[in-house]
Protein chains: 2
Amino acid sequence: MKRPATHGVTLADVARMAGVSEITASRVMRDRGPIRAETRDKVLRAVAATGYVRNGLAGSLASARSNLVGVILPSHTNNVFPEVMAGIGQALSRSGYQPVVGVTDYDPATEEALVRSLLAWKPAAMILTGLEHTRETRRMLETASIRVAEIMDIDNRPIDLAIGFSHLEAGRASARHLLARGYRRIGYVGHDLDADLRAAARLKGLVDQLGEAGAPLERRHLTGGASSVQRGRSGLGALLAQHPDCDVVVFSNDDMAVGGVFHAMAEGMDVPGRLGLFGCNGLDIGQALPKPLSTLRANRQRIGEIAVERIVMDDGPETGPAIIDVGFEIVAGATA
Amino acid sequence: MKRPATHGVTLADVARMAGVSEITASRVMRDRGPIRAETRDKVLRAVAATGYVRNGLAGSLASARSNLVGVILPSHTNNVFPEVMAGIGQALSRSGYQPVVGVTDYDPATEEALVRSLLAWKPAAMILTGLEHTRETRRMLETASIRVAEIMDIDNRPIDLAIGFSHLEAGRASARHLLARGYRRIGYVGHDLDADLRAAARLKGLVDQLGEAGAPLERRHLTGGASSVQRGRSGLGALLAQHPDCDVVVFSNDDMAVGGVFHAMAEGMDVPGRLGLFGCNGLDIGQALPKPLSTLRANRQRIGEIAVERIVMDDGPETGPAIIDVGFEIVAGATA
DNA sequence: CTGTTAGCGCGTTCAA
DNA sequence: TTGAACGCGCTAACAG
């Protein structure tokens with residue numbers, strides 16, 4: 001190797017080698033303004049020869065804009081978030097943006113700290129989950145004068161743009177579905193709902209609607225901790241031990257419900273003859289079961305995509321806080 | 001509001017309000033050097049009053065270091081990657097670093113483009129998947145003089161540090177397990193292996209070992225496309241249609257294998273009496289099945305954690321390319 | 001314990 | 001179609 005090429009080839013080096021000014025080289029790098037083809041070639045050759053890599057820090061500092069987008073999600077383990085992340089990631093890469101990711105573990109204080117440190121990168125936009133944040137989180141976001149998308153939930157007033165569906169309504173719709181099927185002794189198996197506000201909202205909708213219909217939800221078992229297939233499985237066992245008379249069980253989400261299906265299988269229980277099972281989320285896995293899971297599905301990947309499309313690609317006039325309801329559908333399935 | 005507070009409170013503003021120099025304010029922000037408690041308080045008060053948010057772009061540019069770490073993964077949908085991302089994310093946040101994420105869809109050219117754009121942020125380190133990259137990717141990484149971790153695979157020479165296990169050996173170990181159980185008419189159901197080099201390596205190990213044992217792997221079905229529970233389910237159906245005499249089927253991973261289990265359930269097939277089923281990865285879901293899946297497990301979350309610990313927290317002397325083998329274990333399960 | 005000086009590597013704004 | 005001058009907001013390296 002004739003040159004160690006260790007570190008720090010700058011635009012100035014490239015410009016010098018190409019025999020042009022820095023700004024011209026800069027324009028070539030960014031496809032900006034009119035450049036003679038010959039000049040462009042000289043610069044590109046110099047880039048190749050030096051192995052120049054743009055310094056985004058300097059560029060963004062000078063231009064006061066970056067192509068970073070802050071993304072804050074509650075959890076890595078809950079299967080729905082990899083899916084929305086997939087939607088976000090794909091849409092972002094199409095438009096040349098890059099996600100800087102943080103995970104809150106459902107803790108508002110952690111979220112606040114994350115917002116603060118992500119804002120330090122002067123992101124073009126910020127995507128966060130849910131509509132409940134600390135006062136300081138909201139203040140920082142409002143002050144930053146960047147686009148903000150709050151995803152998953154629409155049951156409250158967003159800072160800028162909310163994309164998702166009403167979890168309250170989802171709970172109600174589940175209840176109506178089960179009532180229509182003739183179920184009356186309804187049970188519920190859930191994970192830790194103090195943290196997962198959206199699962200809690202679905203439960204509230206379920207409880208409200210069932211109460212109004214005169215079939216109150218009295219049979220419940222909460223496992224505590226994050227949702228998982230294992231906890232769904234053990235949770236159903238625990239619920240039935242206490243309330244053997246349930247005719248259907250609703251789970252806080254599909255992971256839990258799949259666990260419930262496995263419990264029923266292991267016990268040789270007839271589903272849905274002896275016991276109906278109902279999930280929430282429409283995960284791939286539930287639909288691949290021998291009997292596809294009855295559940296409620298929203299397109300989570302699409303939520304991520306829409307968030308990106310609206311806040312990083314859109315530059316229409318600001319019209320104040322907006323809400324996009326992507327809706328949900330009851331998947332009849334074969335278990336309830 | 002007495003002040004729009006829209007945009008751009010700088011360190012200079014804070015310093016002025018606190019009656020100190022910029023560098024002192026800077027030191028307070030970063031907990032650097034000795035500061036009198038009183039001075040620190042004045043600064044912190046000014047920070048609170050102004051709502052100052054540090055500009056990481058300027059800071060990193062000046063100090064030539066950032067707390068960003070580039071993370072490049074092949075896929076969002078393959079369930080193993082959310083798990084390693086969980087390990088990476090947790091370990092990073094503990095040490096105050098933030099991941100900038102890119103997804104290659106198993107394409108080396110996409111990976112190269114990602115490396116180039118992530119390098120623009122002068123990350124403290126870079127984590128990528130596998131040991132196969134384009135020549136230019138390797139060059140950029142070597143030139144960048146940052147720590148590089150290549151995760152998942154150790155069957156080749158790493159740029160700096162490799163963390164994972166030998167997929168070739170994993171395939172061989174699976175073969176030995178099945179042979180020891182007495183299986184001889186072994187089938188295989190896989191997804192698209194052109195892209196997923198590690199699944200391909202496991203298959204090669206499997207084929208080699210079976211060949212050496214005189215029970216060559218002749219019964220195969222490849223579905224094409226990414227792995228999924230659905231494809232595993234349909235794939236097993238297709239394989240058995242062609243080769244009804246299989247006594248055990250190995251799947252390219254656990255998602256596929258769980259699909260296989262569901263197919264067997266739906267057909268009322270006796271597992272493992274009539275047909276054994278064997279996966280790879282040890283996903284939670286496989287272990288929650290009525291009969292826990294027989295599979296091969298590596299601790300993927302730990303791989304992510306170790307990668308971070310070694311390349312961002314470690315500053316021991318460089319000793320050239322290193323390999324960390326986290327190993328794997330055969331999970332006997334109840335399906336093979 | 002605190003301050004001064006001097007950039008970091010780019011892009012913006014003008015002018016040519 | 002190209003360039004010169006300036007500054008983005010912060011921190012390193014000294015001094016004091």
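Chain letters run A, B, ... following the sequence lines, proteins first, then strands; residues in each count from 1.
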Is [X] touching bases, backbone alone, or none of the nucleic acid, heavy atoms closer than 4.0 Å?
X	value
R27(B)	base
L61(B)	base
S60(B)	nothing
I35(A)	sugar-phosphate

Looking only at side-chain N and O atoms, does [X] come under 4.0 Å of OP1 or OP2 in [N]?
X	N	result
T39(A)	dT2(D)	yes
R32(B)	dC1(C)	no
T10(B)	dG9(D)	no

Please state how far atom [atom1] in [X] lies from atom [atom2] in [N], giving the value in whole angstrom units.
X	N	atom1	atom2	result
E38(B)	dT2(C)	CD	C1'	13 Å
K122(A)	dG9(D)	NZ	P	8 Å
D13(A)	dC8(C)	CG	P	12 Å
K42(A)	dT1(D)	NZ	P	14 Å
N55(A)	dC8(D)	CG	P	18 Å
R54(A)	dG9(C)	CZ	P	14 Å
L11(A)	dG11(C)	CG	C1'	10 Å
M29(A)	dC10(C)	CE	P	9 Å

Using only heavy-atom distances, decide whether a donor-acceptor pair under 3.5 angstrom links the side-chain of R65(A) to the base of dG11(C).
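Under the 3.5 Å cut-off, the side chain and the base do not form any donor-acceptor pair.
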Testing the basics here: between V53(B) and A120(A), what is the closest heavy-atom pair and its distance to 0.1 Å?
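Scanning both residues, the minimum pair turns out to be CG1-N, 4.1 Å.
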Would you say V115(B) and E136(B) make side-chain contact, with heavy atoms under 4.5 Å?
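V115(B) vs E136(B): side chains apart.
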Would you tell me whether H76(B) and Q90(A) have side-chain atoms, one donor and one acceptor, within less than 3.5 Å of each other?
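Judged by distance alone, the side chains do not pair up.
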Do S117(A) and Q98(B) have side-chain atoms, one donor and one acceptor, less than 3.5 Å apart?
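Result is yes, a qualifying pair exists.
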Given that P34(B) and Y52(A) both sit by DNA chain C, which one's nearest nucleotide is further toward the 5' end?
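Result of the comparison: P34(B).
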Candidate nucleotides [options], ranked by approach to the side chain of [X] - the nearest:
X	options	result
R36(A)	dT11(D), dT2(D), dG9(C)	dT2(D)
I23(A)	dG3(D), dT11(D), dT2(D)	dG3(D)
S21(A)	dC10(D), dA4(D), dC10(C)	dA4(D)
T24(B)	dG9(C), dT11(D), dT2(C)	dT2(C)

Is the number of heavy atoms from other residues, nucleotides or ligands within 6.0 Å of CZ (R94(A)) greater than 12?
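Yes, enclosed.
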Working to the nearest 0.5 angstrom, can you tell me the gap between I88(A) CD1 and E309(A) CD?
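Interatomic distance, I88(A) CD1 to E309(A) CD, rounded to 0.5 Å: 12.0 Å.
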